[in-house]
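Written below as structure tokens is the structure these notes are about.
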Amino acid sequence: MKNIVILGSTGSIGTQTLDVVDKEGDIRVLAMTAHSNIDLLERQIRKYRPRAVSVNLPEKAAELRVRVADTGTRVFSGPDGVVECAAMPGADMVVTAIVGIAGLDATIAAIEAGKDIALANKETLVTAGDIVMPLAEKRGVNIVPVDSEHSAIFQSISNQRKFLKRIIITASGGPFFGMSRHELAGKTRFDALKHPNWTMGAKITVDSATLVNKGLEIIEARHLFGLDVDSITPVVHRESVIHSMVEFTDGSVIGQLGVPDMRLPIAYALTYPLRRGPVSEPLDLVKIGRLTFYDIDHDTFPAVNLAKKAAKTGGTMPAVLNGANEEAVAAFLRDGCGFLEITELIQRAMEAHRPVMEPTVEDIKAADAEAREVVRASLNK
Ligand code: NAD
Ligand code: MG
């Protein structure tokens, strides 16, 4: 029996993790957290009977406490409640499926408590990879990636890390692949939320349309696998069948293939180093017929280069890239900014920032807050 905690159980990754739990049969959910969706969380409590849950909004937590009084599940609230769940005694692994830098403190708390991490929350490594990776090493904690690209890279490297030369990270290209900046200018949240291959939370779906997601993933890969960002090559692969590849010193390239279904990398992270029964449809290459590859159009989608620049500057700069993006995407999702403005706002926040080198978590949060302020001020002009 493996005991897990799911941070963000009501989201896209959270609910798919519970799907995998249903299929595996020998995984127990000790705690779960959500931002505000207490209807779904109540159903999850009744089905999985966790020891504790946490709801971010205190008034929603109070309501849920009354509703589930008969179950014996404790209901915490706020950021402290999430940390309480993340460090739950008896848990072997914590699935970090909260979106955004909001997941940082809980991930650190879980590592401090010695829990292995199934890492979906890429913003944790983007903003604080230089703190989180050494901490995991110190605590002897495994960080197993859930992001499909990083799971593919992790699986492809296997035990050959010392021969790793380059990572080829694939990108679907998103819904706006092949379009000009002129065409992108008028795109709304309705257009951006139509992803060709994956159904995901709103924020990461917009990130996939701007290619900020690929930029964040390059920084995530840099921390997970220890290569500099120039040794991580993004390539557009429209079919999302090859989830990423690695090139070894001898020129051999190894990749991992599968249908685009997040339950595959989630199950891999939960059962690693084992592999168990199928969790998704089999891959039918003949039906797919062709696999295609293209360069990224960096003039139209500047996000990847912005991310590489932030990574090379280091210190608090990646946190500024991330914070500005979170704020701009939130504005875009309420029709408060245009599609092309998202990357322009990120650039503006990066230009305004004087990076702090070797930052503490507090420095990182201050940089995040500063970036958000730059974005809000620009949008209010
Ligand atoms: P989502 O929006 O569907 O779900 C987010 C979850 O986090 C929800 O349970 C929500 O209640 C919770 N949450 C949101 N804000 C919170 C806050 N301030 N405090 C506490 N909890 C909060 O997002 P998602 O698509 O499941 O993505 C989750 C993470 O996984 C993101 O970091 C994303 O980049 C990463 N990821 C997702 C996918 C995917 O297919 N969805 C793939 C790869 C990586
Ligand atoms: Mg991904």
Side-chain angles (χ1 to χ4, degrees), residues 1-34 37-38 40-55 64 68-76 81-98 103 106-121 124 132 135-148 150-151 154-155 158-159 258 261-280:
M1 205 29 111
K2 186 161 193 171
N3 292 311
I4 67 165
V5 171
I6 306 174
L7 307 176
S9 65
T10 55
S12 160
I13 293 290
T15 51
Q16 293 183 87
T17 301
L18 289 169
D19 256 18
V20 172
V21 167
D22 292 344
K23 287 203 166 69
E24 294 291 339
D26 58 356
I27 300 173
R28 213 172 96 207
V29 185
L30 292 191
M32 306 191 248
T33 79
N37 186 351
I38 56 171
L40 179 54
L41 189 58
E42 180 181 350
R43 289 200 294 279
Q44 293 177 341
I45 290 171
R46 296 197 181 281
K47 180 164 178 193
Y48 298 98
R49 298 285 167 158
R51 273 193 219 145
V53 299
S54 184
V55 181
L64 183 67
V68 299
D70 61 303
T71 62
T73 296
R74 294 186 66 185
V75 181
F76 298 110
V82 182
V83 166
E84 191 86 32
C85 291
M88 180 63 59
D92 307 301
M93 182 172 241
V94 174
V95 182
T96 66
I98 290 176
T107 307
I108 290 178
I111 296 172
E112 291 277 15
K115 315 295 184 197
D116 285 337
I117 304 292
L119 184 90
N121 177 277
T124 291
V132 168
L135 182 66
E137 169 103 47
K138 196 168 133 201
R139 291 277 184 266
V141 154
N142 283 319
I143 296 188
V144 190
V146 165
D147 215 341
S148 57
H150 305 75
S151 178
F154 185 88
Q155 295 180 55
S158 185
N159 59 359
D261 182 339
M262 284 308 294
R263 291 174 304 178
L264 261 170
I266 292 169
Y268 182 80
L270 291 183
T271 61
Y272 170 79
L274 305 176
R275 289 181 190 272
R276 301 238 287 260
V279 286
S280 68

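Only heavy atoms go into these numbers, but all of them, side chains included; no hydrogens, no water, no symmetry mates.
The shortest side-chain heavy-atom distance between L18 and K47 does not fall under the 4.5 Å cut-off. Using a 4.5 Å cut-off on side-chain heavy atoms (C-beta onward), V68 and T71 make contact. Between D116 and D92, the closest side-chain pair of non-hydrogen atoms is not below 4.5 Å. Residues L64 and V53 meet the side-chain proximity criterion, which asks for heavy atoms closer than 4.5 Å.
Side chain of T33 to main chain of S54: no donor-acceptor pair is present (N/O by atom type, distance under 3.5 Å, no hydrogens or angles). Although no hydrogens or angles enter the test, the distance criterion places a donor-acceptor pair under 3.5 Å between the side chain of Q44 and the main chain of S9. Between the side chain of T15 and the main chain of S12, a donor-acceptor pair closer than 3.5 Å is present. At distances below 3.5 Å, not a single donor-acceptor pair connects side-chain atoms of D147 with backbone N or O atoms of H150.
Taking CG of N142 as the reference point, atom NZ of K115 lies at 14.0 Å (rounded to 0.5 Å). Taking CD1 of I98 as the reference point, atom OG1 of T107 lies at 7.0 Å (rounded to 0.5 Å). The structure places CD1 of I4 at 12.5 Å from CE of M88, a figure rounded to the nearest 0.5 Å. Note: K23 NZ to L270 CG = 12.5 Å, rounded to the nearest 0.5 Å. A distance of 11.5 Å separates CG of L7 from CE of M32, quoted to the nearest 0.5 Å. Put simply, OH on Y48 and OG1 on T73 are 13.5 Å apart, with the number rounded to the nearest 0.5 Å.
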Worked check of side-chain contact (heavy atoms from CB on, under 4.5 Å) between D261 and Q16: CA-CA 9 Å; D261 182 339; Q16 293 183 87; 4.2 Å; yes
Worked check of side-chain contact (heavy atoms from CB on, under 4.5 Å) between M1 and I27: CA-CA 6 Å; M1 205 29 111; I27 300 173; 5.7 Å; no
Audit row: L135, I108, side-chain contact (heavy atoms from CB on, under 4.5 Å) steps and yes/no: CA-CA 8 Å; L135 182 66; I108 290 178; 3.9 Å; yes
Derivation and outcome, side-chain contact (heavy atoms from CB on, under 4.5 Å), residues V132 and I143: CA-CA 10 Å; V132 168; I143 296 188; 4.1 Å; yes
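In this structure, V146 and S151 approach most closely via the heavy-atom pair O-CB, 4.5 Å. Closest of all the heavy-atom pairs between R139 and I111 is CG-O, 3.5 Å. Here the shortest heavy-atom pairing between N121 and T124 reads OD1-OG1, 2.5 Å. Nearest heavy-atom pair, A120 versus A97, reported as atom, atom and distance to 0.1 Å: CB-CA, 4.2 Å. When all heavy atoms of F76 and A52 are compared, the pair lying nearest together is CE1-CB, 3.6 Å. The two atoms that bring M93 and A269 nearest to each other are CE-O, 3.3 Å, heavy atoms only.
Under the 4.0 Å criterion applied to side-chain N and carboxylate O atoms, D70 and R46 are assigned as salt-bridge partners. Remark: D19 engages R263 in a salt bridge, criterion side-chain N to carboxylate O under 4.0 Å.
Under the 3.5 Å distance criterion, with hydrogens and angles disregarded, a donor-acceptor pair is assigned to the side chains of Q155 and R275.
R51 pairs with exactly one of V5, L30, V29 by the side-chain contact (heavy atoms from CB on, under 4.5 Å) rule, that one being L30.
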